[in-house]
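Structure first, then comments.
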Number of protein chains: 2
Amino acid sequence: MESIPTGIDSIIYFRVMSKPTKVTIQDIARFAGVGVGTVSRVLNGHPNVSPETEANVRKAIEALGYRPVVAAQTLRTRRSNVIGFITDEIATSPHAGQIIRGAQEAAWKGGKILLLVNTQWDPELEQAAVETMIDRQVDGLIYATMYHRPVTPPEIMRQIPSVLLDCFTEDASLPSVVPDEFNGGYEATKLLIERGHQRIGFINNTDPIPAQRLRMKGYCAALESYDLPFDEALVVERKSEPKGGYDGMMVLLDLPDPPSAVFCFNDRMAMGAYDAIRQRGFRIPQDIAVIGFDNQELIAANLYPGLTTMQLPHYEMGIWAVEYLLSMLETSEKDDFKQECSPPQVQLKCPLVLRDSV
Amino acid sequence: MESIPTGIDSIIYFRVMSKPTKVTIQDIARFAGVGVGTVSRVLNGHPNVSPETEANVRKAIEALGYRPVVAAQTLRTRRSNVIGFITDEIATSPHAGQIIRGAQEAAWKGGKILLLVNTQWDPELEQAAVETMIDRQVDGLIYATMYHRPVTPPEIMRQIPSVLLDCFTEDASLPSVVPDEFNGGYEATKLLIERGHQRIGFINNTDPIPAQRLRMKGYCAALESYDLPFDEALVVERKSEPKGGYDGMMVLLDLPDPPSAVFCFNDRMAMGAYDAIRQRGFRIPQDIAVIGFDNQELIAANLYPGLTTMQLPHYEMGIWAVEYLLSMLETSEKDDFKQECSPPQVQLKCPLVLRDSV
DNA sequence: CTGTTAGCGCTTTCAG
DNA sequence: CTGAAAGCGCTAACAG
């Protein structure tokens, strides 16, 4: 019986579905018997409202189902509560999701929302994206890259509070957050040393990017901390892909005195190293220990044995970038947006992910 | 010499850096000696403007560096040129990037921009996200999931044009776009058959999701098309991970009459199947051919030999969803947003990616 | 073809 | 503590 629509049901249905005419601040002012100013005040949590007036207003808001029109607020206050998020490339790396998730969560917590543009390495699009966002009066901008590198973002970005994510300008003129590659290289090597290895190979990348240089430095620093000699024969550079890892490992294995452990620039190279080690009939980790970098779950967790690796702090960088931006916004409320001291250049630690390859 | 700042340079520098006072439509009207209405008309490409007036106005716009205040436009027109993009989960899958890239590119082409919220499976957040977006007067909504599945999105979504991406409602009441799993299963199996295989194994997933059921149907349909018998011993179900693929493959290999080719539910399972095949001393593809699904580059391209697989059309679905939304918006300009016929439930083909495992 | 005018819904003085 | 009034910048009638 209850599924047969009655006339009343139909009417209700109709009312629910018909486009609700927008209820404004005026409506609730009238309903509550106060002025619009007062309504605005309770909406914005201003102090000077008597408790009972406030209660009345809130009741009216509830009763009429009031929802603010954000465009009107933005027009009036020049603040949109939107953060512009610009990425150079979003598709190829699974890390993009972590960065965005971190940024989005922090933004939501701060009452902001992300406006996203992916520029696919196109400088013109990048410029246009920033302009569009400024036109929309975003409160601030995040400029994110998919791997750690120096950048020269559009000058126009400097007009509003901005932070760089996973990248930096050479002159450190914009706040930035990147992974601590040096420490990552150091910790990776240190783990190997502490597990008793004395001869440790390093299969590095050939691309002249910060990660390449800094992880190498970390490797060297760790050796030095433990008074282990640096042997340049133990360091090989190859393309950062499985094939490179394979080739590099083969070279190390062919050494008169091969290493008992190897630090690979990233998990993909480690994947190739696995193949080389197996092919030569060695076992991981008993004969050769392997540590990677990046913690690409798809690879690291699925390799056998599971790959021990250093994790890039993408999620954390996303959070940091937004939170720092939020803090800039707060201070600029009063000080009319000016950079007091030099912008922070933050490095976030890469946590160790222990699996079974060391 | 040229690096020593002169007085003039300083002044220019100062003028460039000082916050430019906003130039409005009024300013350019005055500058061009016309009324604001006229300026608005040329801005919006209205027909009734004489060429020379238009030229003057454009000159003024150029000269004063006019940029519209989007909030004012939105307030007036009730259209924000923003598309709300809601995802259930953005971080775990590399596919997310492709979906977003497709959506974002299509949106940009249509003069729209994406407002992103990732809800991490939280229904409350989901509801709040939709409300926020409606408050911001988004033109429409995309609701995207990271794997193909049925959903029950917040009712409130129906108030504005919305499309489902990689998901659908059971009652087909919202437009949706998903991968054509059936065809994918069919084509995968067909490839194996055409390469001369008669006994073809299928290592399926155990999760009762559309992909599981439909790829199976495709597998059966292909066998039938080629008059090959269906042997239920050749179909095994396991968890959709490398271990599951490994176990499933072992079962098939232990059959009295094992298959000469195997279709794996996804690339991760294929990865496990590779191990099993190798462990038994068989070669891929000479002894056993393998085809996967998903085309997870990180796995498929890096396995040896490269894994032939069916690609999920994430990028294309992103584009389709936005383009369809855009077309809805156009028609609703006139017809005051109502669904004339039943909303389309589109399936996009999964292209074959040939590598070396078949 | 074009200028003028009236708001869109909200915040914020400014007087009480 | 509260109401009234003045716009934020833009678009869309409405008269010319």
Side-chain angles (χ1 to χ4, degrees), chain A residues 19-58 60-61 64-82 132 134-139 333, chain B residues 19-58 60-61 64-82 111 132 134-139 333-334:
Chain A
K19 194 170 289 184
T21 61
K22 192 66 201 175
V23 11
T24 76
I25 209 177
Q26 310 275 358
D27 298 324
I28 77 145
R30 204 173 310 131
F31 190 94
V34 299
V36 292
T38 304
V39 178
S40 176
R41 273 179 284 254
V42 341
L43 246 21
N44 295 290
H46 270 259
N48 290 349
V49 183
S50 80
E52 59 176 331
T53 312
E54 171 164 357
N56 281 337
V57 171
R58 293 214 179 280
I61 289 174
L64 304 192
Y66 169 79
R67 304 241 82 200
V69 170
V70 178
Q73 298 180 131
T74 302
L75 179 59
R76 203 41 239 257
T77 62
R78 306 168 140 325
R79 302 178 64 254
S80 59
N81 283 317
V82 170
T132 300
I134 291 180
D135 291 348
R136 288 176 180 278
Q137 300 173 79
V138 295
D139 298 342
E333 298 276 281
Chain B
K19 193 171 288 182
T21 61
K22 192 67 202 175
V23 11
T24 73
I25 209 176
Q26 310 275 358
D27 298 324
I28 78 143
R30 204 174 311 131
F31 191 95
V34 299
V36 291
T38 304
V39 178
S40 177
R41 274 180 284 255
V42 342
L43 247 21
N44 296 289
H46 270 257
N48 292 349
V49 184
S50 80
E52 58 176 331
T53 312
E54 171 163 358
N56 281 336
V57 171
R58 293 213 179 281
I61 289 174
L64 304 191
Y66 168 79
R67 304 242 83 202
V69 170
V70 179
Q73 299 180 130
T74 302
L75 180 58
R76 202 45 239 254
T77 63
R78 314 176 108 40
R79 301 178 63 253
S80 60
N81 283 317
V82 170
T132 300
I134 290 180
D135 290 348
R136 288 177 180 277
Q137 301 175 74
V138 295
D139 298 343
E333 298 276 280
K334 353 192 180 241

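The sequence lines fix the lettering, A, B, ..., with proteins before strands; numbering per chain opens at 1.
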Heavy-atom pair of closest approach, residues V138(B) and S80(B) |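 Result for this residue pair: CA-OG, 3.4 Å.
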Which atoms form the tightest heavy-atom contact between A29(A) and G35(A), and what is the distance?
->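 Scanning both residues, the minimum pair turns out to be CB-C, 3.9 Å.
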Contact list for residues 25-36 of chain A, test salt bridge (Lys or Arg N to Asp or Glu O under 4.0 Å), sequence neighbours left out |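 Found D27(A)-R30(A).
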According to the salt bridge (Lys or Arg N to Asp or Glu O under 4.0 Å) rule, which pairs have a member within residues 37-58 of chain A, sequence neighbours left out?
->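 Qualifying pairs, neighbours excluded: E54(A)-R58(A).
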Can you tell me how far NZ of K22(A) sits from CZ of R78(B), rounded to the nearest 0.5 angstrom?
-> 8.5 Å
Distance from F31(B) atom CZ to N56(B) atom CG, nearest 0.5 Å?
->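 Interatomic distance, F31(B) CZ to N56(B) CG, rounded to 0.5 Å: 10.0 Å.
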Round to the nearest Å and state the distance from R78(A) atom CZ to dC10(D) atom P.
->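 Distance, rounded to whole Å: 10 Å.
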Measure from OH on Y66(B) to P on dG9(D) and round the result to the nearest Å.
->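 After rounding, the gap between these two atoms is 10 Å.
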Minimum side-chain heavy-atom gap I25(B)-L43(B) below 4.5 Å =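 SC-SC contact between I25(B) and L43(B) confirmed.
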With a 4.5 Å heavy-atom cut-off, do T24(B) and V36(B) have their side chains touching?
->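 The answer is no; the side chains never approach within 4.5 Å.
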Quick one: list whatever passes side chain to side chain donor-acceptor pair (under 3.5 Å) with [X], sequence neighbours left out.
X	result
T77(B)	none
S40(B)	N44(B)
T53(A)	S50(A)

Ignoring hydrogens and angles, write down the donor-acceptor pairs under 3.5 Å from the side chains of residues 64-72 of chain A, residues two or more places apart or on other chains.
residue, atom, partner, partner atom, Å
R67(A), NH1, D135(B), OD1, 3.4
R67(A), NH1, D135(B), OD2, 2.9

Is there a residue in residues 25-38 of chain B whose heavy atoms reach under 4.0 Å of DNA chain D, and which residues are they?
->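 Nucleic-acid contacts, sorted: I25(B), G37(B).
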DNA chain C: 5'-most and 3'-most nucleotides touching chain B, 4.0 angstrom heavy-atom criterion =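 Listed 5' to 3', the contact boundaries are dC1(C) to dG9(C).
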With a non-hydrogen cut-off below 4.0 angstrom, is S40(A) in contact with a base, only sugar-phosphate, or nothing?
-> base
So what is the end-to-end bend of the helix from dC1(C)-dG16(D) to dG16(C)-dC1(D), with 5 pairs used at each end and the value given to 10 degrees?
->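 Between the axes fitted at each end of the helix from dC1(C)-dG16(D) to dG16(C)-dC1(D) lies an angle of 40°.
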Contacts of N81(A) that satisfy side-chain contact (heavy atoms from CB on, under 4.5 Å) - sequence neighbours left out | R79(A), K112(A), D139(A), R136(B)
What nitrogen or oxygen pairs link the protein and nucleotides 14-16 of chain D at under 3.5 Å?
none

Hey, can you pull the residues of residues 45-57 of chain A with a non-hydrogen atom under 4.0 angstrom from DNA chain C?
-> none
